[in-house]
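Hydrogens, waters and symmetry mates play no part in the numbers below; they use all other heavy atoms, side chains included. The structure displayed is predicted, hence computed values, not measured ones. Every chain is numbered from 1, with letters handed out A, B, ... down the list of sequences.
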Amino acid sequence: MVVFAAEHIYRLLLQTHGKQGWWPADSVFEVVIGSVLTQNTAWKNVEKAILQLKKVCPLDAHYILKLGHDALADAIRPSGYFNIKAKRLRNICEWWIDWCSQDNSSKNTDEIRKSLLKVNGIGPETADDILLYALGRPVFVIDTYTRRIFERLGLVEADWNYETLRQWFETSLATATADSDRVQLFNEYHALIVKHAKDICQKKQPLCEQCCLQVGCSYAHRSRSCHLN
DNA sequence: AGCCAGGACTGAG
DNA sequence: CTCAGTCATGGC
């Protein structure tokens, strides 16, 4: 049964919240920018930052680099951590320019991830955000919500590192085999987890039976209250 | 009035 | 090598 748990929970999330249609952005490069700005930051603040940035400069790697640190930091101020994020944005702009200058059709996903992780300011989650939502690669994004929910459902262990968790999800979701199907599935799944966390758990609704979104579910709950607390 | 957001790096021990 | 400290605004 546990083998199909990941797919089961996906169906429950989908029927509860509907399709999310991530990533909210006007361009692929905007996804890259957003993935850095949203690090440990509410998306609402990221929207403000991107809006301000668009007012002072076209959303293009070359223009952002020409902007300089101070002007960039000032524009993205609402997203918090504006000084480090300005540096990180400049770093990922360099990477992006390099990326766009090459033929990437034959590169495999793992080598792209490695090159992303070499960029200072790009950790495993941000790298996977970029891989999935900007580059359309089939990788499952792990965030703090994912950890908490599935740990309290008793499906994953607390001491698993990022890679182990990612592997668990990717191998558990075996029904979709074609790359394009997996991209769609992983895209929606991560978005639904975030949606669920924000809409339901933060509002402290008495979801218990619903940690898995369903009354009387059979998972081994670690907590009786909302599994996100 | 705190608490915490769609994390990641650094420096101490 | 682990791990606490650091970065910082805005919404609830």
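- For the salt bridge (Lys or Arg N to Asp or Glu O under 4.0 Å) condition, the pairs that include at least one residue of residues 76-104 of chain A, sequence neighbours left out, are A:Asp74-A:Arg77.
- Taking atom CG on A:Leu89 and atom C1' on B:dG7, their separation rounds to 14 Å, with Å as the unit.
- The CG-P distance, from A:Leu37 to C:dG10, rounds to 14 Å in whole Å.
- For residues 110-122 of chain A, proximity to DNA chain B is found at A:Val119, A:Asn120, A:Gly121, A:Ile122, defined as any non-hydrogen atom under 4.0 angstrom from a strand atom.
- Of the listed nucleotides (C:dG11, B:dG6, B:dA8), B:dG6 has the atom at the smallest distance from the side chain of A:Ala42.
- Under the salt bridge (Lys or Arg N to Asp or Glu O under 4.0 Å) criterion, the residue pairs touching residues 117-142 of chain A are A:Arg113-A:Asp128, A:Asp128-A:Arg166, with sequence neighbours excluded.
- Taking only side-chain nitrogens and oxygens, A:Thr144 never comes nearer than 4.0 Å to OP1 or OP2 of B:dG6.
- Between C:dT6 and B:dG6, the distance separating the two P atoms is 24 Å to the nearest Å.
- Cluster membership for A:Leu165 and A:Ile193, using ILVMFWY side-chain heavy atoms within less than 4.5 angstrom, is shared.
- On the C1' atoms, B:dG2 is 15 Å away from C:dA8, given to the nearest whole Å.
- Between A:Asn40 and A:Lys48, it is A:Asn40 whose nearest contact on DNA chain C lies nearer the 5' terminus.
- The interatomic distance linking A:Tyr162 (OH) with B:dC9 (P) rounds to 13 Å, in whole Å.
- For A:Lys198 and C:dG11, the NZ to C1' distance is 12 Å, given to the nearest whole Å.
- A heavy-atom distance below 4.5 Å is not found between the side chains of A:Trp95 and A:Ile122.
- In this pair, A:Tyr189 and A:Tyr10 present their aromatic rings tilted. The plane angle is within the 30 to 60° band.
- In this structure a side-chain-to-backbone donor-acceptor pair under 3.5 Å is present from A:Thr41 to A:Gln39.
- By the 30° and 60° cut-offs, the orientation of the rings of A:Trp43 relative to A:Trp23 is perpendicular.
- Checking the phosphate oxygens (OP1, OP2) of B:dA5, no side-chain nitrogen or oxygen of A:Thr38 falls inside 4.0 Å.
- The stretch residues 67-87 of chain A touches DNA chain C through A:Arg77, A:Pro78, A:Gly80, A:Tyr81, A:Phe82, A:Asn83, A:Ile84, each having a heavy atom within less than 4.0 Å of the strand.
- You'll find that the side chain of A:Glu125 is closest to B:dG7, out of B:dA5, C:dG10, B:dG7.
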Atom pairs under 3.5 Å, N or O on each side, protein against nucleotides 2-5 of chain C: can you list them with distances?
none

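- Rounded to a whole Å, the CG atom of A:Asn161 is 17 Å from the P atom of B:dG7.
- Annotation: side chain to side chain contact (heavy atoms under 4.5 Å, CB included) contacts of A:Asp26 (sequence neighbours excluded): A:Glu30, A:Lys54.
- Checking side-chain atoms of A:Tyr133 against main-chain N and O of A:Val31 turns up no donor-acceptor pair under 3.5 Å.
- Using C1' as the reference atom, B:dC4 and C:dC7 are 14 Å apart when rounded to the nearest Å.
- A straight line from CG of A:Asp143 to P of B:dA8 spans 10 Å, rounded to a whole angstrom.
- We find that CZ of A:Arg147 is positioned 17 Å from C1' of B:dA5, with the value rounded to whole Å.
- The ring of A:Phe186 has its center no closer than 6.0 angstrom to the ring center of A:Phe169.
- Projected onto DNA chain C by closest heavy-atom contact, A:Thr41 and A:Lys44 fall at different nucleotides, the more 5' of which corresponds to A:Thr41.
- An aromatic stacking contact between A:Tyr145 and the base of B:dA5 is absent, as defined here by ring centres under 5.5 Å apart and ring planes under 30° from parallel.
- By the 4.5 Å heavy-atom criterion applied to side chains, A:Thr164 and A:Glu157 are not counted as neighbours.
- In this structure, CZ of A:Arg88 is placed 8 Å from P of B:dT10, rounded to the nearest angstrom.
- Among the nucleotides B:dG6, C:dG10, B:dG7, the one closest to the side chain of A:Trp43 is B:dG6.
- For A:Asn104 and A:Lys107, the side-chain atoms include at least one donor-acceptor pair closer than 3.5 Å.
- Of the candidates B:dG6, B:dA5, B:dA8, B:dA8 carries the atom nearest the A:Gln39 side chain, counting heavy atoms from C-beta on.
- Side-chain atoms of A:Thr126 lie closest to B:dG7 of the nucleotides B:dG6, C:dG11, B:dG7.
- Side-chain polar atoms of A:Glu7 and A:Ser172 form no donor-acceptor pair below 3.5 angstrom.
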